[in-house]
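Structure first, commentary second.
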2 protein chains.
Amino acid sequence: MDLRALRYFIAVAEERHVGRAASRLHMTQPPLSRAIRHLEDELGAALFERTAKGVTLTPAGTALYDEASALLRQADRIRGRVTIAAGAATLTVGTLADTAEQVGGRLVPLFRARHPHVNVTIHEADLGEPTAGLRAGLVDVALTRTPFDETGISVRVLRSVPVGVVMRDDDRLAGRASVSSADLAGRRWVRLPDGTDPIWTAYWAGGTHDGPSPVMRTIQECLQMVLWNGTSALAPIDQPLPAGLIAIPFADRPPSDLVVAWPKTGRSSLVRSFVDVADNAWSP
Amino acid sequence: MDLRALRYFIAVAEERHVGRAASRLHMTQPPLSRAIRHLEDELGAALFERTAKGVTLTPAGTALYDEASALLRQADRIRGRVTIAAGAATLTVGTLADTAEQVGGRLVPLFRARHPHVNVTIHEADLGEPTAGLRAGLVDVALTRTPFDETGISVRVLRSVPVGVVMRDDDRLAGRASVSSADLAGRRWVRLPDGTDPIWTAYWAGGTHDGPSPVMRTIQECLQMVLWNGTSALAPIDQPLPAGLIAIPFADRPPSDLVVAWPKTGRSSLVRSFVDVADNAWSP
DNA sequence: ACATCCGATACCGCACGGGTATCGTGCCGG
DNA sequence: CCGGCACGATACCCGTGCGGTATCGGATGT
């Protein structure tokens, strides 16, 4: 009887519905069904009655619900107690270009409210670091955008944002309702630093690179280059543009997800809590 | 931070020694070291100071010890509460021939004291069932003797018992300090039921079977056959023999362990508790 | 009758938690 | 001062367990 099984049980008990509980737990329904069955086997008692439109608690289930929720509350308190006893803990958050303003400004205060004793530091990464320092081990958790190489990295989507082609408002394509890859042929394009994750580079690439083109390191630089040099760029269209620039929806790319990312291995309790706060702040 | 990790931590904290804690937990030292390291990483705090002759608690470790022991006590209470709420639970214990008297008589009352609400039933198996009904799914846990086919079965040793050759006291070998396989050539031997686990059969076999020999089903039958038919048998020498029989230590077999055995999969909390009671009653 | 939605089942692949073998190191006795 | 020893740490292997996807059985309500 581990704590994870009890958390699963609590979710099912509160939702009275295995499928909904599964999505609340960010998993699929079958393993959750199995976990509940295992818990029932281990305790030697039926915890739920299965009905056609969900599940209901048995008396044993009700008893477990009371006990388990108290136990989980007590378990959650432990983390804080120990980190306090160990002295101030530190969480380093990596942000990619503008994600600090996009979500960090709302997220970090919520996190600090939950963990007043934790020191939160920010590492602002440039556009050549899609994991915002996560892969380099510089940060504990990152606020960034997909797509990038996710091997060894867990991701939770906060917001899904379509991308558009950003260009000067005197561009010959200005006014089009939408553009496709074919419209971009031969167009000069902003360039990411060499050595950047190829998945990331390919996603933001557009047109063709004939001849040298400028290298950008931040969203601001990127937009300035579009404005000054007449190049173009793909950018998420969830933010206001500087005067003189317009963005046209680009149908040939799936949306880019604004995500919180963390290492698959060695997830600390602070990281888990950070992700949890992010979930609660955006998913409902 | 699962409960298992906390149990590991408690053991190390109390022993102040990873190796001793590991053997107390019935595991080896390296995975325990790793688990402690993982817990420290997850909590973001050093819990122990490593010294040359063991480990000592840091302030954070002391804080965790207090919190964790309270949490584990609360978790242990849950099982009982739930099974009570679910109505009487039942644990079926399989015993092999004489193990019921050997250890069951002491073990079951201890278990019933810890779980007053649980119904304990006994299944007495004959000598052709070395797992005492465990493999057939007839029982939840078994008190039996090694060796047998342990695939899918977990085992905990309660007592290790040497075996001896049992024969009539007028046997020509009577008076020998010990015998070996060579002394048994051609001797008539008791026989186990057909279809019995070959590992088990081979262990208790001795001499050679020329011609039909009686089949035995219980230790009592076995000894009676030795007495009446002049056959011989191997038997654990931890019990008094009927008058007219003697046992001579037999060096050509490793000792037979008196064990508690249970299925590797689907271990219920009652089974775990039963094993735990057995541990505490015999291992110290 | 049938579409629909529920939980259960079957099966797969990977990560994790056991194991054994070995290492690095600090302490102690000769 | 050095060699042996005992401790925890590390390296590596392997089986189990827990995620996933695809599908089933069965109840419900139009």
Side-chain angles (χ1 to χ4, degrees), chain A residues 1-9 11-42 46-58 61 150-156 262-268 272 275, chain B residues 1-9 11-13 15-42 46-58 61 150-156 262-268 272:
Chain A
M1 186 189 62
D2 61 321
L3 293 180
R4 182 169 37 87
L6 293 183
R7 289 186 208 282
Y8 289 179
F9 166 77
V12 175
E14 290 179 350
E15 299 288 344
R16 298 180 182 277
H17 189 288
V18 180
R20 277 199 302 272
S23 63
R24 177 172 136 185
L25 292 165
H26 301 288
M27 61 191 293
T28 52
Q29 170 258 324
L32 182 56
S33 280
R34 191 179 48 193
I36 296 296
R37 176 68 67 191
H38 279 347
L39 184 62
E40 288 178 319
D41 287 348
E42 186 188 340
L47 300 171
F48 294 105
E49 308 249 340
R50 277 74 167 172
T51 74
K53 48 166 153 308
V55 296
T56 60
L57 282 169
T58 62
E150 295 186 13
T151 54
I153 292 177
S154 294
V155 151
R156 180 107 356 126
W262 67 99
K264 265 200 164 65
T265 61
R267 51 195 173 186
S268 78
R272 293 184 67 106
V275 174
Chain B
M1 186 188 63
D2 60 320
L3 293 180
R4 183 168 37 87
L6 293 183
R7 289 185 208 283
Y8 289 180
F9 166 77
V12 175
E15 298 288 345
R16 297 180 182 275
H17 190 288
V18 181
R20 276 199 302 273
S23 63
R24 178 172 135 185
L25 293 165
H26 301 289
M27 62 190 294
T28 53
Q29 170 258 325
L32 182 56
S33 281
R34 191 179 51 192
I36 296 296
R37 176 68 67 192
H38 279 347
L39 184 60
E40 289 178 317
D41 289 347
E42 185 189 340
L47 299 171
F48 295 104
E49 308 249 340
R50 277 72 168 175
T51 73
K53 50 166 157 299
V55 297
T56 60
L57 281 169
T58 63
E150 296 186 11
T151 54
I153 292 178
S154 294
V155 151
R156 183 108 354 127
W262 66 100
K264 265 200 165 63
T265 61
R267 52 197 172 186
S268 80
R272 293 184 68 104

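All values below were derived from every heavy atom in this structure, side-chain atoms included, with hydrogens, water molecules and symmetry-related copies excluded.
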Smallest heavy-atom separation, B/L32 atom then B/A22 atom, equals CD2-N, 3.4 Å
Starting from C1' on C/dG19, measure out to NE2 on B/H26 and report it in whole angstrom. 16 Å
Given C/dA8, is OP1 or OP2 found less than 4.0 Å from the side-chain N or O atoms of A/S33? yes
Can you name the closest pair of heavy atoms from A/Y8 and A/L25 and give their distance? CD2-CD1, 3.6 Å
Return yes if the base of D/dG8 and the side-chain atoms of B/R34 contain a donor-acceptor N/O pair under 3.5 Å, otherwise no. no
Taking for each residue the nucleotide of DNA chain D with the nearest heavy atom, is it A/M27 or B/V18 whose nucleotide lies nearer the 5' end? B/V18
Rounded to whole Å, the CG-P distance (B/D41 to D/dT10) equals 11 Å
Can you check the A/L32 CG to C/dC6 P distance for me, whole Å? 14 Å
Determine, for A/R272 against B/E42, whether the closest basic-nitrogen to carboxylate-oxygen distance falls under 4.0 angstrom. no
Measuring from B/S23:OG to B/E15:CD, what's the distance to the nearest 0.5 Å? 7.0 Å
Using a cut-off of less than 4.0 Å, is there contact between a side-chain N or O of A/T28 and OP1 or OP2 of D/dG20? yes
Choose from D/dA9, D/dG19, D/dC18 the nucleotide whose nearest atom is closest to any side-chain atom of B/R50. D/dA9
Answer with base, sugar-phosphate or nothing: what part of the nucleic acid does A/F48 contact at a heavy-atom distance below 4.0 Å? nothing
Of all residues at least two apart in sequence or in a different chain, which pass the side-chain hydrogen bond (donor to acceptor under 3.5 Å, both in side chains) check with A/R50? A/E40
I need the CD1-C1' distance between B/I36 and C/dG18, as an integer number of Å. 15 Å
Kindly say if A/R37 contacts the phosphate of C/dA8, meaning a side-chain N or O under 4.0 Å from OP1 or OP2. yes
Sequence-aligned protein contact record of nucleotides 22-28 of chain D, with B where the base is within under 4.0 Å of a protein heavy atom and S where only the sugar-phosphate is: B----SS
Measure NE2/A/H38 against P/C/dT9 and give the value in whole Å, please. 11 Å
How long is the line joining CD1 of B/I153 and P of D/dT16, in whole Å? 13 Å
Base, sugar-phosphate or nothing for A/R4? Non-hydrogen atoms, less than 4.0 Å. sugar-phosphate
Is there a donor-acceptor pair under 3.5 Å between the side chain of A/S154 and the backbone N or O of A/P263? no
d(CG, B/L25; P, C/dG17) in whole Å: 15 Å
Roughly how far, to the nearest 0.5 Å, is the CG atom of A/D2 from the CG atom of A/L39? 9.0 Å
Rounded distance in Å - CG (A/D2) to P (D/dG17): 12 Å
